Enquirer: 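Dropping the structure in here first, questions after.
Everything quoted here is computed from the prediction, not taken from an experiment.
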Amino acid sequence: MAAVSLGVPGAGLAAGGVSVTSYGHSALLIQGGGATVLVNPFKAVGCAAGLAEPRVRADVILASSRLLDEGAPVASGRMLVTPGSYRVAGLKLEGAAIPHDRIGGRRFGQATLWRWKQGGLEIAHLGGTAAPLRPEDRVLIGKPDVLIIGVGGGAKVYSGAEAAAVVRALEPRRVIPVQYVSGSAPSGCDQGSIEPFLEAMSGTPVQRVGRTVSFSAPLSDGPQIKVMR
């Protein structure tokens, strides 16, 4: 399905970089290289309660799982959830299974981590797991230019300290933290704020960029943390 311009910065980016728009929780729209990628569309339930659902159109939708807070069928486009190798809209996308939780997936099953190149940048999406990375995961992910990672803690999201350990292991140039709560947590939500992650990454430059951010290719050395909302 062809992507459409959504009137946000970066809709016309060619090969040299991407523009990222945040819808909250772990939903991001990434535009660049002639393609539009949406990650983790959600229903406004659980920790995403009260947020506006990302009812947009994209060439490809990458979901961590089919749970309603990270793989809801609210957007238009080809949705990929199952691990594997895919080619969509000129992009090569690699997905690998990883336990959702810290107990081998026995509570929440398996999630999918994603890796692809867009706009000349290597992007990795770890927005739906609390499991330690295995050697094969690190081989797939490599050293990404942009790492999307959950940081809010709870049963199926890295805690701030866990996420910081993953960032240090992967050495990305830019980090976009997702899946954390701003303000009071909705009823039944077990996630916390971004602050423990930022404290664990003390000394790393942090920029609070709001709802959109653009990355040029190639990127300068990092890491740098881009806090979106």
Side-chain angles (χ1 to χ4, degrees), residues 18-31 37-54 56 58 61-65 67-72 74-75 81 95 98 100-101 108 111-116 118 121 123-131 133 141 144-167 170 172-183 185-186 189-198 200-201 204 206-213 215 223-229:
V18 297
S19 176
V20 183
T21 301
S22 173
Y23 290 87
H25 201 48
S26 60
L28 302 173
L29 186 73
I30 304 170
Q31 297 173 281
V37 178
L38 177 67
V39 299
N40 279 16
F42 58 81
K43 288 285 289 182
V45 298
C47 292
L51 298 177
E53 296 171 359
V56 298
I61 301 166
L62 302 178
S64 296
S65 73
L67 294 175
L68 289 180
D69 67 340
E70 60 188 28
V74 299
V81 183
I98 188 170
H100 231 319
D101 48 50
F108 289 106
T112 303
L113 59 83
W114 293 99
R115 171 73 184 264
W116 72 101
Q118 185 178 357
L121 298 173
I123 304 174
H125 170 37
L126 279 68
T129 182
L133 293 183
I141 297 168
D145 293 304
V146 180
L147 175 66
I148 303 162
I149 185 168
V151 304
K156 58 186 179 69
V157 177
Y158 288 127
S159 68
E162 291 168 338
V166 171
V167 170
L170 297 178
R173 289 180 171 85
R174 302 292 181 271
V175 181
I176 301 177
V178 295
Q179 279 185 287
Y180 59 88
V181 174
S182 296
C189 175
D190 65 354
Q191 294 172 20
S193 77
I194 194 175
E195 296 309 320
F197 172 69
L198 297 181
M201 292 295 296
T204 303
V206 176
Q207 184 181 12
R208 297 183 184 268
V209 297
R211 189 169 179 241
T212 64
V213 64
F215 300 115
Q224 297 176 19
I225 299 169
K226 305 293 185 178
V227 178
M228 304 188 71
R229 260 303 181 246

Enquirer: Identify the two heavy atoms, one from Cys189 and one from Val181, that lie closest to each other, and give their separation to 0.1 Å.
Expert: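 Nearest pair, atom of Cys189 first, then Val181: SG-CG2, 3.8 Å.
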Enquirer: Would you find a donor on one side and an acceptor on the other, under 3.5 Å apart, between the side chain of Asp69 and the backbone of Ala48?
Expert: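 Side chain of Asp69 to backbone of Ala48: no pair is present.
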Enquirer: Can you find a heavy atom in the side chain of Ile225 that is under 4.5 Å from one in the side chain of Pro177?
Expert: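 They are in side-chain contact.
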Enquirer: Kindly write out the residues that satisfy side chain to side chain contact (heavy atoms under 4.5 Å, CB included) with Ala165, not counting sequence neighbours, or none if the list is empty.
Expert: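 With neighbours one apart ignored, the set is empty.
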Enquirer: Working to the nearest 0.5 Å, report the span between CD of Gln224 and CE of Met201.
Expert: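 It is 11.0 Å, given to the nearest 0.5 Å.
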Enquirer: Any chance you could measure Ser182, atom OG, to Glu195, atom CD, to the nearest 0.5 Å?
Expert: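 Rounded to the nearest 0.5 Å, the OG-CD separation comes out at 9.0 Å.
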Enquirer: Of all residues at least two apart in sequence or in a different chain, which pass the side chain to side chain contact (heavy atoms under 4.5 Å, CB included) check with Val209?
Expert: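 Partners of Val209 by the side chain to side chain contact (heavy atoms under 4.5 Å, CB included) criterion, ordered by chain and then number, come out as Gln207, Val213, Lys226, Met228.
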Enquirer: Sequence neighbours left out, what passes side chain to side chain donor-acceptor pair (under 3.5 Å) with Trp114? Give chain and number order.
Expert: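 Here no residue qualifies.
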Enquirer: Enter the distance from Leu29:CG to Ile61:CD1 here, rounded to the nearest 0.5 Å.
Expert: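 One gets 10.0 Å once the value is rounded to the nearest 0.5 Å.
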Enquirer: How many angstroms lie between NE2 in His125 and CG in Leu147, if you round to the nearest 0.5 Å?
Expert: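 CG of Leu147 is found 10.5 Å from NE2 of His125.
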Enquirer: Do the side chains of Cys47 and His25 get nearer than 4.5 Å, heavy atoms only?
Expert: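 Contact flag for His25/Cys47 side chains = yes.
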Enquirer: Using side chain to side chain donor-acceptor pair (under 3.5 Å) as the criterion, list what pairs up with Thr112, not counting sequence neighbours.
Expert: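 Result, side chain to side chain donor-acceptor pair (under 3.5 Å) vs Thr112: none returned.
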Enquirer: Out of Leu62, Val74, Val56, which residue meets the side chain to side chain contact (heavy atoms under 4.5 Å, CB included) rule with Leu38?
Expert: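 Result for side chain to side chain contact (heavy atoms under 4.5 Å, CB included) with Leu38: Val56.
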Enquirer: Report yes or no: does Arg211 contribute a side-chain atom to a donor-acceptor pair with the main-chain N or O of Thr21 at less than 3.5 Å?
Expert: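 Judged by distance alone, no pair lies under 3.5 Å.
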Enquirer: First locate atom OG of Ser193, then atom CG of Leu198, and finally report the distance between them rounded to the nearest 0.5 Å.
Expert: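 CG of Leu198 is found 8.0 Å from OG of Ser193.
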Enquirer: Side-chain donor-acceptor pair under 3.5 Å between Gln31 and Ser19, yes or no?
Expert: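 Distance-only check fails for Gln31 and Ser19.
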Enquirer: Are side-chain heavy atoms of Arg174 and Leu121 found at a separation under 4.5 Å?
Expert: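 No, every pair of side-chain atoms sits at 4.5 Å or beyond.
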Enquirer: Quick one: CG on Leu28 to OH on Tyr23, what's the gap to the nearest 0.5 Å?
Expert: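 Between Leu28 CG and Tyr23 OH, I get 10.0 Å after rounding to 0.5 Å.
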Enquirer: What's the verdict on side-chain contact (heavy atoms from CB on, under 4.5 Å) for Asp145 and Phe215, showing C-alpha distance, side-chain angles and the deciding distance?
Expert: CA-CA 10 Å; Asp145 293 304; Phe215 300 115; over 6 Å; no
Enquirer: Using the side chain to side chain contact (heavy atoms under 4.5 Å, CB included) criterion, which residues pair with Val166? Sequence neighbours excluded.
Expert: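 Once residues adjacent in sequence are excluded, the partners of Val166 under the side chain to side chain contact (heavy atoms under 4.5 Å, CB included) criterion are Leu126, Leu133, Ile149, Tyr158, Leu170.
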Enquirer: Over all heavy atoms of both residues, which pair between Asn40 and Ala27 is shortest? Give the atoms and the distance, please.
Expert: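 Heavy atoms of Asn40 and Ala27 come nearest at O-CB, 3.3 Å.
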Enquirer: Where the side chain of Gln118 meets the backbone of Ile30, is there a donor-acceptor pair that is under 3.5 Å apart?
Expert: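 At least one qualifying donor-acceptor pair exists.
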Enquirer: Search all heavy atoms of Gly128 against all heavy atoms of Ala111 and return the closest pair with its distance.
Expert: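 Looking at all heavy atoms of both residues, the closest pair is O-CB, 3.1 Å.
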Enquirer: Mind listing the closest non-hydrogen atom pair of Ala155 and Ala130 along with its distance?
Expert: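 Answer, listing the atom of Ala155 first, then Ala130: O-CB, 4.2 Å.
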Enquirer: My understanding is that only residues two or more places apart in sequence, or in another chain, count here; which of them pass side chain to side chain contact (heavy atoms under 4.5 Å, CB included) with Ala131?
Expert: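 Scan of Ala131 (side chain to side chain contact (heavy atoms under 4.5 Å, CB included), adjacent residues dropped) gives Ile98, Pro99, Thr129.
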Enquirer: Write down the atom of Gln191, the atom of Gly153, and the distance for their closest heavy-atom approach.
Expert: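 Looking at all heavy atoms of both residues, the shortest contact is CG-O, 3.3 Å.
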Enquirer: Kindly give the heavy-atom pair with the smallest separation between Ala164 and Ala200, and that separation in Å.
Expert: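 Here Ala164 and Ala200 meet closest at CB-CB, 3.6 Å.
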